[in-house]
Amino acid sequence: MLRIIGACCIVLGSTGIGFWYRRRLYEAIWHLRCMKQILEFFMGEIRYGKATLPECCKKAGERAEEPYRSALLEIYQKTAAHDGSSFSEKWVTSMTAALAEVPVTQKEKEIFLCFSAGSRISDNHMQQQAIAGYRDMLAGSIQSREEELHRQGRMAAGLGVMGGLLLAVILI
């Protein structure tokens, strides 16, 4: 009787791990879409609102989801304090902390963090083009992840279930 209960626990546990991994794949795509939306929002504010990047952070922070909301508002507050550091340094510092637990690759995080290097450009048109380049890189990353998602999601869930069944059979 205890063996059967143990086998059921193993199957349920490994199935749960498979579905957890699958959920992390979906979560990564959601975060990439949020990053892309933030960059698109910045482009729109610069193009039509003639806003500076700190102002964009404030406006985007009011609309964004966590962890981006608090980081964007923190960047705006640090910029308003005029502590002598550049916008790029503030962006990298705050966003690195916000992205610490986000399930995306380091390369994807770097794309989002490096966008602030274009903050030194004073021409609005060139700044928009720089942001558009990083947005397009994120869009490419989203597209490749979506193509792999169906296959990897099914594989993760299937391996979780089958691995649990295999362990249960071996232990019984």
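Computed from a prediction, not measured in an experiment: that's the story for all the values here. Keep in mind that the numbers below use all heavy atoms, side chains included, and drop hydrogens, waters and symmetry copies.
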Do [X] and [Y] have side-chain heavy atoms sitting under 4.5 Å apart?
X    : Y    : value
S14  : V161 : no
R63  : K59  : no
L53  : W91  : no
V104 : L32  : yes
K58  : I75  : no
M35  : I111 : no
C57  : F42  : yes
R22  : L149 : no

Task: Pair I10-L165, side-chain contact (heavy atoms from CB on, under 4.5 Å): steps then yes or no - done: CA-CA 8 Å; I10 289 172; L165 289 172; over 6 Å; no
- [ ] Please lay out, stage by stage, how E147 and S144 fare under the test side chain to side chain donor-acceptor pair (under 3.5 Å).
- [x] CA-CA 5 Å; E147 291 170 357; S144 66; over 6 Å; no
- [ ] Please determine, by modelled atom types, if S70 and E74 share a side-chain donor-acceptor pair under 3.5 angstrom.
- [x] no
Open item on the list: If you count heavy atoms of other groups shown closer than 6.0 angstrom to CZ of R154, is the number above 12?
Closed with: no
- [ ] Using modelled atom types only, decide if a donor and an acceptor are shared between the side chain of K109 and the backbone of T96 within a distance under 3.5 Å.
- [x] no
- [ ] For the pair E148 (side chain) and R145 (backbone), establish whether a donor and an acceptor sit closer than 3.5 Å, ignoring hydrogens and angles.
- [x] no
Task: K36 side, atom NZ; I29 side, atom CD1 - distance, nearest 0.5 Å - done: 12.5 Å
